[in-house]
Chemist: 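One structure, pasted below without further comment.
In this chain, numbering begins with 1 at the start of the sequence shown.
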Amino acid sequence: MGLPRFTCPKGGDSESSPHLYVANCGPAVGLSYETIATVFGAYGELKGVYAADESGTRVIVSYHNESSSRAAMKALNGHKCSSLGGRFLHIQYSVQSLGKVNCDASVPVSTSASDLEIPGLYLMHDFVTPEEEQELLAAVDNRPWHKLAKRRVQHYGYAFCYNIRNVDTNQYLGELPSFISPVIERIKSSQTLDHAADISLDQITVNEYPPGVGLSPHIDTHSAFEGLIFSLSLAGPCIMEFRKYTTNVWQEKTNSNSNLDDQNSEKNSNFIRKAIYLPPRSMLLLSGEARYAWHHYIPHHKVDKVEDSLIRRGSRRVSFTLRKVLKGACQCEFPQYCDSQR
C-alpha cells in the first residue's frame, strides 16, 4: 500500500519521461535499492528508486530530467550490466499516475500562513531536518501504536479520551519521551513567538494517517488544552482546511449524524473556508483566534491540488501534536466556541 503508481506514457514507447520502469532488477534478485541507485545515478541526479510492485523484481528509477533517463535507457536497456550482477535489464519509460483525483479546487490552497490572514496561525517550513525526521519516525515506530478506526495513535504525558474529547488529568502517563526534547527546545528558541522560552508542553498525540485518511472538522476542546497547539508534519504532505462559522449553527455535540453531515458539507455556506499546504517537516502553530475560533480539518483525499500542481499524499503521514494540558476552566475571548463558558 502506498507505492508510487506509474503507467506507460500516452505517446507509447516513443514518448520519453524522467521515470524508467526497470524489470529483472530489485531486492528479490539480490540487488539493493542503494546498489541500483549507484548504477543509475551515473547518468544523472536521481529523485529516487522505488518498488514498481510487490514482486521485488521490478523497480521505478526516477530522475529529475529526461536527458538523464534517456542516457540511462540508451546505456542499459537490453544490455548485460556487470555492476548489477551481470543481469540483462529490460527498461521502458513510465509516467507517474495519480489515479482518481478527488480534490476540491473551490478553495485555493496557500503555502504560507500569512496568505490566509487568520490571526494566530503560523507555519514554519523545514522545522526539522530530514535526518531528524527519520529519527523521530524510528522512535515512534519502536513504540506500541493504538489502532483507531482509520488511523493509529500514540499518547504521551496524558492520554486524549476521544469519547469525551478531553484529557483525564488524573491519568498521568509520565514525562515526555527524550526523543521529542530537541523539538521542544527548538520551539522555545523560535523567533515566531514572544516569550517562547517560557513555553511549557506536557502532552503529545502522535497520529499516523494512511493515504486517503483525513481528520473531521473540529476545534480542540477549550477546557482540555491551553492556548498554543503545535503540529509537526512528518513523512507525507497534506492540506489543512480552516473553517470559521459565520452563524451560531455549530454545536460541540450533535445527536444526529445527518445534522453533522449537513454542517460539514462542502456546499454549506455557513462558514468561511481557507486552506494551507503542510509539507513534510513543517511545524504548524495554532494560537489565539486560529486555535479557539477556527475549525481545522484534513480532507479525506489521496491527491491534493496545490496551486497548479497535483500532489499525491505519501504512503503515510505522521503528525506530532504538542500541547499543554489546561488545569481549570478556559477563559478565552471566544465564548461561542468554548465549552467552559457555555
Chemist: Check whether Glu133 reaches the backbone of Pro280 with its side chain - one donor and one acceptor, N or O, closer than 3.5 Å.
Modeler: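 Such a contact is absent between Glu133 side chain and Pro280 backbone.
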Chemist: When hydrophobic residues are tied together by side-chain contacts of less than 4.5 Å, even through go-betweens, does Ile36 share a cluster with Phe88?
Modeler: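 Each belongs to a different hydrophobic cluster.
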Chemist: Looking at OG1 of Thr205 and NE2 of His146, how far apart are the two atoms once the value is rounded to the nearest 0.5 Å?
Modeler: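 NE2 of His146 is found 11.5 Å from OG1 of Thr205.
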Chemist: List in chain and number order the residues that pass side-chain contact (heavy atoms from CB on, under 4.5 Å) with Lys324, two or more places apart in sequence or in another chain; answer none if no residue qualifies.
Modeler: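 Listed in chain order: Ser200, Asp202, Glu226.
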Chemist: Any side-chain heavy atom of Phe242 sitting closer than 4.5 Å to one from Leu286?
Modeler: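 Of all side-chain heavy-atom pairs linking Leu286 with Phe242, at least one is under 4.5 Å.
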Chemist: Tell me, do Leu136 and Leu232 make a side-chain contact under 4.5 Å, heavy atoms counted?
Modeler: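 Yes, close enough: below the 4.5 Å cut-off.
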Chemist: How would you list, by chain and number, every residue that makes a side-chain contact (heavy atoms from CB on, under 4.5 Å) with Ile199, sequence neighbours excluded?
Modeler: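 Counting only residues at least two positions away or on another chain, Ile199 forms a side-chain contact (heavy atoms from CB on, under 4.5 Å) with Ile187, Leu193, Ala196, Leu201, Leu228, Phe230.
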Chemist: How close do Tyr277 and Val109 get, heavy atom to heavy atom, and via which atoms?
Modeler: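 That would be N-CG1, 3.6 Å.
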Chemist: Can a donor-acceptor pair be found, under 3.5 Å and without considering hydrogens, that links the side chain of Gln341 to the backbone of Cys332?
Modeler: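 At least one qualifying donor-acceptor pair exists.
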Chemist: Scan for salt bridge (Lys or Arg N to Asp or Glu O under 4.0 Å) pairs involving residues 134-143, sequence neighbours excluded, and state none if there are none.
Modeler: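 Every salt bridge (Lys or Arg N to Asp or Glu O under 4.0 Å) pair that includes a residue of residues 134-143, provided the two are not neighbours, is Asp141-Arg316.
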Chemist: Identify, with sequence neighbours excluded, every residue that meets side chain to side chain donor-acceptor pair (under 3.5 Å) alongside Arg58.
Modeler: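 Arg58: side chain to side chain donor-acceptor pair (under 3.5 Å) contacts with Tyr21, Asp53, Ser55.
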Chemist: Kindly write out the residues that satisfy side chain to side chain donor-acceptor pair (under 3.5 Å) with Ser112, not counting sequence neighbours, or none if the list is empty.
Modeler: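 Ser114.
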Chemist: Heavy atoms, side chains only, cut-off 4.5 Å: are Arg151 and Leu215 in contact?
Modeler: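 A side-chain contact exists here, since the closest heavy-atom pair is under 4.5 Å.
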Chemist: Among residues at least two apart in sequence or on other chains, which ones pass salt bridge (Lys or Arg N to Asp or Glu O under 4.0 Å) with Glu132?
Modeler: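 Result, salt bridge (Lys or Arg N to Asp or Glu O under 4.0 Å) vs Glu132: Arg186.
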Chemist: Partners of Tyr292 by ring-ring contact (aromatic ring centres under 6.0 Å, His included), sequence neighbours excluded?
Modeler: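 Tyr292 satisfies ring-ring contact (aromatic ring centres under 6.0 Å, His included) with His222 only.
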Chemist: I need the Leu116 CG to Tyr122 OH distance, nearest 0.5 Å.
Modeler: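 Going from CG on Leu116 over to OH on Tyr122, the span is 13.5 Å.
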Chemist: Is there side-chain contact between Glu208 and Val140, with heavy atoms separated by less than 4.5 Å?
Modeler: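 No, every pair of side-chain atoms sits at 4.5 Å or beyond.
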Chemist: Please tell me if the side chains of Ile239 and Leu278 come closer than 4.5 Å, counting only heavy atoms from C-beta onward.
Modeler: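 Not in contact.
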Chemist: Quick check: closest heavy atoms across Asp304 and Cys238, and the distance to 0.1 Å?
Modeler: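 For Asp304 and Cys238, the tightest heavy-atom pair comes out as OD2-CA, 3.6 Å.
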Chemist: Donor-acceptor pair, distance only, cut-off 3.5 Å: does the side chain of Ser17 make one with the backbone of Ser94?
Modeler: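 Side chain of Ser17 to backbone of Ser94: a pair is present.
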Chemist: Scan for salt bridge (Lys or Arg N to Asp or Glu O under 4.0 Å) pairs involving residues 61-80, sequence neighbours excluded, and state none if there are none.
Modeler: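 Salt bridge (Lys or Arg N to Asp or Glu O under 4.0 Å) check on residues 61-80 returns Glu66-Arg70.
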Chemist: Kindly give the heavy-atom pair with the smallest separation between Leu89 and Leu84, and that separation in Å.
Modeler: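 Minimum heavy-atom separation between Leu89 and Leu84: CD1-CD1, 3.6 Å.
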Chemist: If you look at every heavy atom in Gly44 and Ser68, which pair is closest and at what distance?
Modeler: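 Shortest heavy-atom contact: CA-OG, 3.3 Å.
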Chemist: Treating Ser233 as the side-chain partner and Pro279 as the backbone partner, does any N or O pair qualify as donor plus acceptor under 3.5 Å?
Modeler: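 No, Ser233 side chain to Pro279 backbone: no donor-acceptor pair under 3.5 Å.
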Chemist: Sorted by first residue and then second, give each salt bridge (Lys or Arg N to Asp or Glu O under 4.0 Å) pair with at least one member in residues 120-130; sequence neighbours left out.
Modeler: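 For residues 120-130, and leaving out neighbouring residues, there are no salt bridge (Lys or Arg N to Asp or Glu O under 4.0 Å) pairs at all.
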Chemist: Kindly say whether Cys330 contributes a backbone atom to a donor-acceptor pair with the side chain of Ser340 at under 3.5 angstrom?
Modeler: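 At least one qualifying donor-acceptor pair exists.
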Chemist: To check you understand the geometry: which heavy-atom pair defines the closest contact between Ala159 and Leu173, and what is its length?
Modeler: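 What the structure gives for the nearest pair is N-CD1, 3.5 Å.
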Chemist: Mind checking side-chain contact (heavy atoms from CB on, under 4.5 Å) for Ser319 and listing every partner two or more places apart, or none if nothing turns up?
Modeler: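 Listed in chain order: Asn207, Tyr209, Ser231, Arg317, Thr321.
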Chemist: Could you pull out the closest heavy-atom pair between Ala235 and Leu137, with the gap in Å?
Modeler: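 Nearest pair, atom of Ala235 first, then Leu137: CB-CD1, 4.0 Å.
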Chemist: Do Trp294 and Lys274 have side chains that get closer than 4.5 Å, going by heavy atoms?
Modeler: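 Heavy-atom side-chain distance check passes, below 4.5 Å.
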Chemist: With sequence neighbours left out, which residue pairs that include part of residues 284-300 fulfil the salt bridge (Lys or Arg N to Asp or Glu O under 4.0 Å) condition?
Modeler: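 Found Lys244-Glu289.
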Chemist: Looking at CE of Met283 and CG of Leu322, how far apart are the two atoms once the value is rounded to the nearest 0.5 Å?
Modeler: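 Those atoms lie 6.0 Å apart.
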Chemist: Please check if any side-chain donor atom of Asp339 sits under 3.5 Å from a side-chain acceptor atom of Thr221, or the reverse.
Modeler: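 No - no donor-acceptor pair under 3.5 Å links their side chains.
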Chemist: Does Val167 sit in a hydrophobic cluster with other residues, and if so which ones, taking ILVMFWY side chains as linked at heavy-atom separations under 4.5 Å, directly or through other members?
Modeler: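 The other cluster members (ILVMFWY side chains, heavy atoms under 4.5 Å, direct or chained) are Leu148, Val153, Tyr158, Phe160, Tyr162, Tyr172, Phe225, Val325.
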Chemist: Would you say the side-chain atoms of Ser32 and Thr35 include a donor-acceptor pair closer than 3.5 Å?
Modeler: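 There is such a pair (donor and acceptor under 3.5 Å, judged by atom type) between the side chains of Ser32 and Thr35.
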Chemist: Side chains of Leu284 and Leu121: closer than 4.5 Å at any heavy-atom pair?
Modeler: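 With C-beta onward as the side chain, the pair touches.
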Chemist: Please examine the side chains of Val49 and Phe40, heavy atoms only from C-beta on, and report whether any two atoms are closer than 4.5 Å.
Modeler: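 No - every pair of side-chain heavy atoms lies 4.5 Å or more apart.
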Chemist: Ignoring hydrogens and geometry, is there a side-chain-to-backbone donor-acceptor pair from Ser189 to Glu185 under 3.5 Å?
Modeler: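 Yes.
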Chemist: Nearest 0.5 Å please: distance from the CG atom of Asn77 over to the CD1 atom of Ile91.
Modeler: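 The CG atom of Asn77 sits 5.0 Å away from the CD1 atom of Ile91.
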Chemist: Counting N and O atoms only, with roles assigned by atom type, does the side chain of His125 sit under 3.5 Å from a partner on the main chain of Thr111, one being a donor and the other an acceptor?
Modeler: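 A pair under 3.5 Å: yes.
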Chemist: So how far is it from Phe320 CZ to Phe127 CZ, rounded to the nearest 0.5 Å?
Modeler: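 Between atom CZ of Phe320 and atom CZ of Phe127 there are 13.0 Å.
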Chemist: If you measure from CG on Leu326 to CG on Asp220, what distance do you get to the nearest 0.5 Å?
Modeler: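 Result: 12.5 Å between the selected atoms.
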Chemist: Quick one: does Arg313's side chain have a donor or acceptor within less than 3.5 Å of a partner on His301's backbone?
Modeler: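 Yes; judged by distance alone, with no hydrogens or angles, the pair exists.
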